[in-house]
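Order of appearance sets the numbers: ligands from 1, and atoms from 1 within every ligand. As the structure is a prediction and not an experimental result, all values here were calculated from the model. Numbering of residues begins at 1 and proceeds along the displayed sequence.
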Amino acid sequence: MSKATKEKKQILFALSECVPFIKSGGLADVGGALPIALNRKRSLNVSVIMPQYSAIPHTLLKKMEHVCSFDVFVGWRKKYCGINKLKHRGITFYFVDNQDYFFNDYLYGYGDYEAERFAFFNIAVLEALPHIGLNPDIIHCHDWQTGMIPALLNIKYASSSPWDNIKTVFTIHNLRYQGIFASYLALDYFGLDRHFVDSGLIGHDNALNFLKAALTYADKITTVSPSYSKEIMTRWMGEGLDYKLAERQGDVIGILNGIDENLNNPEIDSDIPANFSANDLSGKAKCRKALRKEAGLPEKNNIPVIGMVGRLTAQKGLDLIAHVLDDILKLDLQLVVLGTGDDKYSDMFREYSLKHPDKLSAFITFDSALAKRIYAGSDMFLMPSLFEPCGLAQMISLKFGTLPIVRETGGLKDTVFSYENSTGLENGFTFTNYNAHDMLFSIELAVNTYKTQKAAWKKMQITGMNTDFSWKVSATHYTSIYLGMN
Ligand code: ADP
């Protein structure tokens with residue numbers, strides 16, 4: 001290791017998904033972009049470790065280079081662990097390979113087996129360090145899938161080298177997903193007796209809880225927007241762990257995520273039919289026309305297209321939409337939906353697209369290029385979330401000149417500013433209460449504004465497109481956290 005590299009603080013990101021390797025949601029976007037922004041800081045050297053899923057594109061799997069292999073004990077189970085690596089955009093990515101655990105069609109959703117898969121991953125990350133010659137100052141863990149790393153580090157590894165001086169940061173991307181499993185698995189997978197679960201150190205409500213373990217043992221806890229960091233300390237939004245977060249409030253920091261401005265730039269994007277910018281929006285009309293064609297919606301003058309891209313789960317406010325979808329479709333608008341998730345919502349959108357083929361088009365699939373065409377071709381973006389830790393989709397849509405209609409929660413509250421408040425920052429439409437008719441009113445207001453207030457609309461588009469949502473700002477905040485930890 002060169003002297004210059006040694007003097008930098010070594011940061012190892014541990015996470016379960018990362019662009020461009022594999023993605024199910026915003027965590028992967030963060031994993032793909034934040035390390036790059038951090039690595040630009042003179043004081044840091046960042047690498048990433050993640051599972052090597054068989055679903056990673058073959059072109060990337062082929063480029064990986066084998067580093068080493070060793071055995072990992074998941075409780076009494078002796079398991080093969082291979083480490084492969086790949087340098088991508090200046091970052092070294094390490095991949096933890098075990099085909100029993102990660103040869104899957106889906107990333108998550110394997111019931112109790114999920115506990116064993118990620119128990120293996122958490123142990124493997126710590127065991128890998130001496131094998132690959134990594135000596136991080138800080139392991140930055142993300143979401144429950146890495147929640148046991150801070151706990152194991154403190155309970156089992158703290159007194160021996162090379163683990164003894166490692167600090168941990170844990171980022172909550174979504175408090176709802178905690179990795180909750182039967183309490184006996186703490187012993188079965190980690191060799192930790194019941195006391196650790198029963199006392200609440202790694203448990204909650206008599207169950208093993210990976211995320212709770214991180215809240216107990218991580219040195220610093222961050223979450224992905226300032227508003228969400230406050231909301232999760234309330235009983236209403238604390239998902240049962242508000243008391244623990246309140247207890248650690250001196251170590252909890254909310255840092256707004258950024259977006260990758262190279263990958264989300266309508267001026268250069270090759271996935272959209274016409275490029276455009278804040279100075280010349282003319283390409284956006286071409287994108288709208290092409291989107292209507294692709295979605296099978298008729299061309300209509302002065303009728304806006306509203307886009308929705310995201311997981312079809314209750315979190316995204318789909319119950320509000322279900323409640324008033326008939327009323328929404330009575331308005332002068334067209335709706336294009338792209339998403340995967342719960343059957344009840346996919347079925348709802350499929351059914352309504354058959355009933356109202358000229359007003360609603362639904363793509364029940366995951367398609368990143370189509371997502372871009374929706375961001376670019378829509379006039380508005382609907383995201384009425386029940387809760388939203390940060391939300392990337394609203395920032396992406398702003399970058400594409402598409403005005404968000406959102407509920408004021410979490411990161412949506414921190415990034416979308418209402419047309420109704422003339423603050424000079426207005427860039428969309430917002431409503432406060434989780435109420436379907438409040439949402440309907442905001443949609444109606446957005447549609448009327450679109451049709452009658454062309455200059456105000458354009459001004460909001462330009463404000464959104466010119467906002468700095470880059471990772472530079474967040475990277476500066478994370479850097480000061482890392483540098484403040486000794
Ligand atoms: P979350 O992380 O809660 O799923 P975010 O708004 O933070 O929501 O991030 C979602 C990311 O995943 C965005 O980049 C969005 O464009 C993308 N995405 C979600 N669903 C789909 C889909 N069906 N097809 C393509 N991209 C999607």
With E267 via salt bridge (Lys or Arg N to Asp or Glu O under 4.0 Å) - residues at least two apart: none

Any residue meeting salt bridge (Lys or Arg N to Asp or Glu O under 4.0 Å) with D347, in chain and number order, not counting sequence neighbours: R350

Any donor-acceptor pair under 3.5 Å from N427 side chain to M460 backbone: no

Donor-acceptor contact below 3.5 Å, side chain D271 vs main chain R373: no

Candidate pair F210 and F118, rule ring-ring contact (aromatic ring centres under 6.0 Å, His included), full reasoning: CA-CA 10 Å; F210 277 49; F118 286 102; 7.9 Å; no

Which atom pairs, donor and acceptor, lie under 3.5 Å between side-chain atoms of residues 322-332 and protein residues at least two apart or in another chain?
unit_1 : atom_1 : unit_2 : atom_2 : d
D326   : OD1    : Y352   : OH     : 3.3
D326   : OD2    : Y352   : OH     : 3.0
D332   : OD2    : K451   : NZ     : 2.5

Are there any protein N or O atoms under 3.5 Å from the N or O atoms of ligand 1? List them with distances, or say none.
unit_1   : atom_1 : unit_2 : atom_2 : d
ligand 1 : 2 (O)  : G26    : N      : 2.7
ligand 1 : 3 (O)  : R311   : NH2    : 2.7
ligand 1 : 3 (O)  : K316   : NZ     : 2.8
ligand 1 : 4 (O)  : R311   : NE     : 2.8
ligand 1 : 6 (O)  : L392   : N      : 3.0
ligand 1 : 6 (O)  : A393   : N      : 3.1
ligand 1 : 7 (O)  : L392   : N      : 3.1
ligand 1 : 8 (O)  : K316   : NZ     : 3.1
ligand 1 : 14 (O) : K23    : NZ     : 3.1
ligand 1 : 14 (O) : D29    : OD2    : 3.1
ligand 1 : 16 (O) : Y375   : OH     : 2.6
ligand 1 : 23 (N) : T365   : O      : 2.9
ligand 1 : 24 (N) : D367   : N      : 3.0

